[in-house]
Asks: 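Dropping a structure here in structure tokens format, bear with me for questions.
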2 protein chains.
Amino acid sequence: MTGQVRTVDGRVAGRRGQATRQKLLDCLSEMLSSSPYRDVKVIDVARKAGTSPATFYQYFPDVEGAVLEIAEQMAAEGAGLTELLAGRSWVGKSGWQTSQELVDGFLEFWRKNDAILRVVDLGAAEGDKRFYKIRMKILNSVNNSLADAVAELQAKGKVDKDVNPAAVAGSIVAMLAAVASHQKGFQTWGVKQAELKPNLALLVHLGVTGKKPTK
Amino acid sequence: MTGQVRTVDGRVAGRRGQATRQKLLDCLSEMLSSSPYRDVKVIDVARKAGTSPATFYQYFPDVEGAVLEIAEQMAAEGAGLTELLAGRSWVGKSGWQTSQELVDGFLEFWRKNDAILRVVDLGAAEGDKRFYKIRMKILNSVNNSLADAVAELQAKGKVDKDVNPAAVAGSIVAMLAAVASHQKGFQTWGVKQAELKPNLALLVHLGVTGKKPTK
DNA sequence: ACTTGTCCTGTCATGCCGTCAGCTTACCGA
DNA sequence: TCGGTAAGCTGACGGCATGACAGGACAAGT
């Protein structure tokens, strides 16, 4: 029951309209990858989509509105990140594997959607609740699972009592997101992609379990 | 020897000119805190500074150019973050203290400069080398110290050999930066500022030494 | 008072924004 | 088949930001 897709002035969009709308979104997505967010103009998106600016405004209130739409679509996919953690173990060798796969999946997802995620991150940091919510939606899936894992280990006495599972999980997730969006940066620091992953996985494992992984 | 401050058309700026220039920078700084980066317009900055857009363009090529200037100033201050780590120990109780003070200082610095740091982060993520360099300048001070600390512990055999100091240090620094810029976010996750810090410090300590701190 | 170089702004061409009226196209029922 | 209705698109327009320039205001030294 998401309701039908509607134009700004309230008409319901038909087949053709939806196609145009999607084309505009696709073109916007491309533009976000190739030029700074600040310089993305409605007219450029429209031109790229082979239509006119007026058409753009029929479907979106402004660039930001369209960006939110793209972000929403991505967030829906991003919910799949939960599977990286569902039912996984954090003890012994399988704990190390869980950690590695989480890092792998996370970095991959971020790499695929880096342009839009940059903008979402900015919006969230600027305090825009709409972007903030989307960021939460993506990170929550991972965050909650991690927090649960920590809490569980804590209940078994394997993790100190004064640890706050939510704080630790949140920090780890933030780290993953930050490293992912500055992946290129590490190369300039003399750290190769392939080297980065296991070290990141190590930090994740340490954070969750408080112990070095058994490899 | 940074050379004198110059206008866009090559004149050297005198006392009065420098004052106006600085006022424009200050106003821009304020605007960045109060409105989204994308919506910051030259005309608004000029109005706020009680001058005209033409004056702005005399000193800066565009908004981005002025932002770089502000960022540069901040980066100079940020170099002081090194002191949070210079000559500190990572063993025993003092290790725990080092970790705590690092987190404290880092979050504080970020909180003070959050608006401009947001923009720098975005610019860097978008691949703009000028922003990237500034981000490095700030983080390098901390990053290098951390990497050294890890390498040292590694030489003493207290940290596994297959750990890459640069990768670990970079990831930790990225975590600090990310958590700092989304501090508000944690509150919505039910994590209070005061709770966040020790948990973050714990993660830092774990990452650097591989062991839980002795408190 | 006059000169000199700094500093600021009025003005202008250009281009994007965001809206509207109006035209074209697709769909549907009679 | 035909006409009605709603969807879909665009040209055109006022408004505003951009960025450049030339000329006027101002301070400081002579």
Side-chain angles (χ1 to χ4, degrees), chain A residues 2-28 30-32 34-70 119 123 128 130, chain B residues 3-32 34-70 119 123:
Chain A
T2 62
Q4 290 156 314
V5 179
R6 286 182 174 276
T7 58
V8 166
D9 56 336
R11 278 205 302 280
V12 289
R15 201 170 297 138
R16 190 158 158 238
Q18 296 215 16
T20 315
R21 204 182 117 102
Q22 191 56 49
K23 182 159 199 178
L24 284 168
L25 287 178
D26 292 344
C27 290
L28 172 55
E30 269 187 65
M31 302 235 55
L32 285 176
S34 59
S35 44
Y37 181 44
R38 201 168 194 285
D39 298 340
V40 172
K41 308 288 179 194
V42 169
I43 199 170
D44 295 323
V45 178
R47 257 202 284 267
K48 201 179 180 87
T51 177
S52 82
T55 302
F56 181 96
Y57 286 107
Q58 201 160 40
Y59 295 105
F60 311 103
D62 49 23
V63 171
E64 210 186 48
V67 165
L68 276 166
E69 195 76 17
I70 298 177
V119 180
D128 186 312
R130 298 165 304 169
Chain B
Q4 290 157 318
V5 178
R6 287 181 174 276
T7 58
V8 166
D9 54 336
R11 274 206 308 283
V12 287
R15 202 169 295 140
R16 190 150 77 108
Q18 296 214 16
T20 320
R21 202 183 118 101
Q22 191 56 51
K23 183 158 198 177
L24 283 167
L25 286 178
D26 292 344
C27 290
L28 172 54
S29 224
E30 270 189 64
M31 300 237 54
L32 285 176
S34 59
S35 43
Y37 180 45
R38 204 168 192 283
D39 299 340
V40 172
K41 306 289 178 194
V42 168
I43 197 168
D44 296 322
V45 177
R47 255 202 287 267
K48 199 178 183 89
T51 178
S52 81
T55 302
F56 182 96
Y57 285 108
Q58 201 158 40
Y59 295 106
F60 312 103
D62 49 24
V63 172
E64 210 187 49
V67 165
L68 275 167
E69 196 76 17
I70 298 177
V119 181

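Throughout, a chain's letter reflects where its sequence line sits, starting with A, and its residues are numbered from 1.
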Asks: Set out, in order, the CA-CA distance, both residues' side-chain angles and the distance that settles side chain to side chain contact (heavy atoms under 4.5 Å, CB included) for B/Val40 and B/Val45, then state yes or no.
Replies: CA-CA 8 Å; B/Val40 172; B/Val45 177; 4.1 Å; yes

Asks: Between B/Ser52 and C/dC8, is there a contact of a side-chain N or O with OP1 or OP2 at under 4.0 Å?
Replies: no

Asks: Sugar-phosphate atoms are those with a prime plus P, OP1 and OP2; base atoms are the rest. Using that split, label each nucleotide of nucleotides 19-30 of chain D B, S or - for protein heavy atoms under 4.0 Å, 5' to 3'.
Replies: BBB---------

Asks: What residues, two or more places apart in sequence or in another chain, satisfy ring pair (Phe, Tyr, Trp, His ring centres under 6.0 Å) together with B/Tyr37?
Replies: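 None.
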
Asks: Within less than 4.0 Å of OP1 or OP2 of D/dC9, is there a side-chain N or O belonging to A/Thr55?
Replies: no

Asks: Measure from the side-chain heavy atoms of A/Thr51 and tell me the nearest of D/dA7, D/dT10, C/dT9.
Replies: D/dT10

Asks: Is A/Thr7 reaching over with its side chain to a backbone N or O of A/Arg11, donor-acceptor style, under 3.5 angstrom?
Replies: yes

Asks: Going by side-chain contact (heavy atoms from CB on, under 4.5 Å), name the residues that satisfy it together with B/Arg16, two or more places apart in sequence or in a different chain.
Replies: none

Asks: For A/Phe60, which contact category applies under a 4.0 Å heavy-atom criterion: base, sugar-phosphate, or nothing?
Replies: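 No contact.
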
Asks: Let me see the working for A/Val8 and A/Gln58 under side chain to side chain contact (heavy atoms under 4.5 Å, CB included), right down to the final yes or no.
Replies: CA-CA 5 Å; A/Val8 166; A/Gln58 201 160 40; 6.0 Å; no

Asks: Would you indicate what B/Phe56 reaches in the nucleic acid, counting non-hydrogen atoms under 4.0 angstrom: base, sugar-phosphate, or nothing?
Replies: nothing

Asks: Tell me whether the side-chain N/O atoms of B/Thr7 come closer than 4.0 Å to OP1 or OP2 in C/dT6.
Replies: no

Asks: With side chain to side chain contact (heavy atoms under 4.5 Å, CB included) as the test, would you mind laying out the steps for B/Leu28 and B/Glu69 before giving the verdict?
Replies: CA-CA 11 Å; B/Leu28 172 54; B/Glu69 196 76 17; over 6 Å; no

Asks: Within less than 4.0 Å of OP1 or OP2 of C/dC8, is there a side-chain N or O belonging to B/Thr20?
Replies: yes

